[in-house]
There are 2 protein chains.
Amino acid sequence: MAARAGVTKQTVSNVVSGKKVRPETLEKVNKAIAELGYKPNLVARSLRTGSTSTVGLFVPSVANPFYSEMVEEVENLLVGHGYNLLLATTRDDPDYTRAHLENLAARSVDALLAAGDNGVDQQLPMLAAANFPVALFAWEGDPPTTLPVVSIDYQHAGFLAGCHLRDLGHRNVAVVADLPAHTPRVVGLRRAFAADGLDDRKVFACTSDDAAGGFAAACAALDADPELTAIFATHDILAIGAIEAVVRSGRRVPDDVSVVGFDDIAQVGRIRPALTTVTFPKREMAQQAVELLLRAVDSGQPPTNVVSLLRPTLTVRDSSGPARRDRLAPGTA
Amino acid sequence: MAARAGVTKQTVSNVVSGKKVRPETLEKVNKAIAELGYKPNLVARSLRTGSTSTVGLFVPSVANPFYSEMVEEVENLLVGHGYNLLLATTRDDPDYTRAHLENLAARSVDALLAAGDNGVDQQLPMLAAANFPVALFAWEGDPPTTLPVVSIDYQHAGFLAGCHLRDLGHRNVAVVADLPAHTPRVVGLRRAFAADGLDDRKVFACTSDDAAGGFAAACAALDADPELTAIFATHDILAIGAIEAVVRSGRRVPDDVSVVGFDDIAQVGRIRPALTTVTFPKREMAQQAVELLLRAVDSGQPPTNVVSLLRPTLTVRDSSGPARRDRLAPGTA
DNA sequence: TTGAAAGCGCTAACAT
DNA sequence: ATGTTAGCGCTTTCAA
């Protein structure tokens with residue numbers, strides 16, 4: 001290749017990376033490049049420079065729409081910045097997480113974005129010790145001080161949902177939750193009901209983190225207290241299962257029982273009843289995280305150590321309504 | 001590192017890659033590895049061997065549940081075989097596709113799985129010329145002869161949906177379709193109605209490939225012919241929009257209008273009404289494709305040039321029912 | 001501005 | 001079974 005243009009490979013390298021080259025040399029080299037269809041070998045470049053223009057992304061699972069929407073955003077941003085996406089699913093498992101992490105390190109990725117607490121939480125020391133920038137993403141538990149976090153104010157989100165239900169007159173609310181993962185959402189909800197109190201026995205943990213799990217937990221909730229007027233599900237998929245449980249029990253949503261979800265994944269606004277849910281600024285979150293990371297990559301400095309908690313908003317649709325008057329708490333009517 | 005164990009780096013290499021080594025040497029080296037926390041540099045290995053243990057996957061978008069479920073399957077399989085996943089979204093755009101392809105080639109990925117016709121179809125020659133195995137995945141158009149294809153018999157799938165509706169007595173069916181992409185599904189449906197014919201004017205193209213698009217197209221269909229008794233949507237998301245359109249128009253599903261979808265994405269079995277749809281063997285498809293590719297990688301041979309069309313099945317739920325008797329075609333009652 | 005030399009960390013091939 | 005040599009294709013450094 002170099003010989004073809006009558007120059008050294010160094011000059012070719014200069015041309016490819018846009019360094020100062022005499023116009024006539026430039027032309028000569030570009031001609032040879034075109035003729036030979038020369039493509040620089042990025043692996044060799046990576047070996048030499050130690051950087052790969054590749055960013056790793058950990059998610060618990062891509063099948064979960066919340067995460068797949070995140071993957072979409074992150075991929076688009078990375079491509080826009082000239083980076084590649086190496087995707088790995090942690091399956092909420094510390095061992096998978098660890099294996100992926102070692103792999104990424106050995107491959108010299110430029111940065112890593114890790115979403116979801118489970119599995120990742122056990123590898124925090126190793127993540128913090130990585131020799132490339134790492135940020136936590138959609139982190140729900142107590143944020144570690146060692147790593148930057150870009151996430152959502154989950155507790156506030158739960159609070160929003162709670163206020164909504166309380167304002168509608170609901171006093172007998174059950175929670176269908178993926179626990180312990182979603183504890184902050186439940187705490188927030190509980191805060192909204194502080195004065196009236198929310199019975200611990202009204203919190204139903206799901207045995208599986210899907211619609212079937214939400215269905216089962218909601219059935220249990222309805223069995224335990226046929227008088228309840230609202231169900232808060234800690235994410236939309238569980239809410240879909242909960243709605244099914246309510247309807248199957250012969251009750252109506254929202255006339256008899258209101259259901260509120262969490263995430264605002266695509267399509268839940270179009271099913272019947274359209275789901276009332278807490279909406280996250282997903283795009284902004286992805287943007288902040290990616291920029292935090294790439295700024296660190298570009299500067300060669302460790303990433304700014306922040307905890308950035310984006311504020312969610314409530315999206316009221318058709319699945320929530322006023323509590324049944326015959327079940328209002330005394331003095332509220 | 002090598003010095004620490006008192007051997008050459010070659011011996012270390014042999015230990016790491018599990019070659020024949022004398023037990024005592026093995027122990028010595030392993031001790032040094034543990035002490036120094038030595039990790040082989042995979043980039044250097046890749047430069048030397050020309051292979052990266054990385055497989056590229058192209059999908060139009062990860063936000064679409066059909067593709068994200070595929071990504072999940074493929075990732076799991078690849079990890080199981082010791083490979084990494086480099087994910088790229090084509091956005092149905094030939095330019096993105098091309099850019100990603102050149103990038104992957106420069107990075108020496110070991111193989112590429114390309115899903116979705118749009119954008120990819122324009123880069124077929126370049127894909128076929130790649131110096132690593134490439135397979136087409138979830139390919140709906142006419143399969144090219146130059147590349148192996150692992151896909152679904154989309155036309156048969158449409159046929160299944162059509163037979164179902166015809167058997168239920170439906171004669172006045174509208175189609176809500178993402179065209180031209182989903183033409184084979186429509187052709188299959190039409191074949192089921194061959195005798196009775198399916199009017200071209202009953203096919204409504206969606207202007208956007210989401211629930212809003214399905215909603216709009218279904219509204220148009222209902223306006224054009226208030227007497228229709230069934231709508232076939234070429235995928236589930238469109239079907240969700242179509243159901244909304246039917247319900248908003250004051251009709252009931254399935255009593256007045258049946259709706260049948262396509263894909264069986266997660267959750268459509270749990271919404272109300274639970275969607276009747278055509279189910280794909282996604283896992284099998286992912287398995288076949290990944291194995292086809294990895295077999296080629298392992299053997300160093302080009303992949304077997306097959307067209308493997310998996311057979312879908314019909315999943316009947318609540319969104320389809322008998323045609324209204326007052327709208328049955330004459331002689332069918 | 002361009003050339004020459006060195007080396008990133010690994011493995012293939014051959015010699016011992 | 002282990003050591004030696006060479007080189008993958010690039011970029012960094014220094015010399016011309």
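To find a chain, count down the sequence lines: A is the first, B the second, and so on, and within it residues start at 1.
- For residues 106-130 of chain B, there are no salt bridge (Lys or Arg N to Asp or Glu O under 4.0 Å) pairs, not counting sequence neighbours.
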Considering only nitrogen or oxygen atoms on both sides, find all protein atoms under 3.5 Å from nucleotides 11-13 of chain C and state each distance.
residue: C/dT11; atom: OP1; partner: B/Arg45; partner atom: NE; Å: 2.7
residue: C/dT11; atom: OP1; partner: B/Arg45; partner atom: NH2; Å: 3.2
residue: C/dT11; atom: OP2; partner: B/Ser13; partner atom: OG; Å: 2.5
residue: C/dT11; atom: O2; partner: B/Arg48; partner atom: NH1; Å: 2.8
residue: C/dA12; atom: N6; partner: B/Gln10; partner atom: OE1; Å: 3.3

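- Read 5' to 3', the first and last nucleotides of DNA chain D with an atom closer than 4.0 Å to a heavy atom of chain A are D/dG9 to D/dT12.
- Looking at which nucleotide of DNA chain D each of B/Val21 and B/Leu47 is closest to, the 5′-most match is held by B/Val21.
- Checked against side-chain contact (heavy atoms from CB on, under 4.5 Å), A/Pro281 has the following partners two or more places apart in sequence or in another chain: A/Glu284, A/Leu310.
- No side-chain heavy atom of B/Val109 sits less than 4.5 Å from a side-chain heavy atom of B/Val55.
- Counting non-hydrogen atoms under 4.0 angstrom, B/Val43 reaches nothing in the nucleic acid.
- Residue pairs meeting the side-chain hydrogen bond (donor to acceptor under 3.5 Å, both in side chains) criterion with at least one member in residues 138-148 of chain A, sequence neighbours excluded: A/Glu140-A/Arg185.
- Listed by chain and residue number, nothing satisfies the side-chain hydrogen bond (donor to acceptor under 3.5 Å, both in side chains) test with B/Thr183 (two or more places apart in sequence, or in another chain).
- Looking at residues two or more places apart in sequence or on another chain, you find a side-chain contact (heavy atoms from CB on, under 4.5 Å) between B/Pro60 and B/Tyr67, B/Thr90, B/Asp92.
- The salt bridge (Lys or Arg N to Asp or Glu O under 4.0 Å) contacts involving residues 62-72 of chain A comprise A/Glu69-A/Lys282, where partners must be two or more places apart or lie in separate chains.
- Overall bending of the helix from C/dT1-D/dA16 to C/dT16-D/dA1, expressed as the angle between end axes built from five pairs apiece, is 30° (10° steps).
- Residues passing the side-chain hydrogen bond (donor to acceptor under 3.5 Å, both in side chains) test with B/Asn118: none are found, sequence neighbours excluded.
- Applying the side-chain hydrogen bond (donor to acceptor under 3.5 Å, both in side chains) definition to pairs two or more places apart or across chains, none involves residues 42-57 of chain B.
- Residue pairs meeting the side-chain hydrogen bond (donor to acceptor under 3.5 Å, both in side chains) criterion with at least one member in residues 290-309 of chain B, sequence neighbours excluded, are B/Gln288-B/Ser308.
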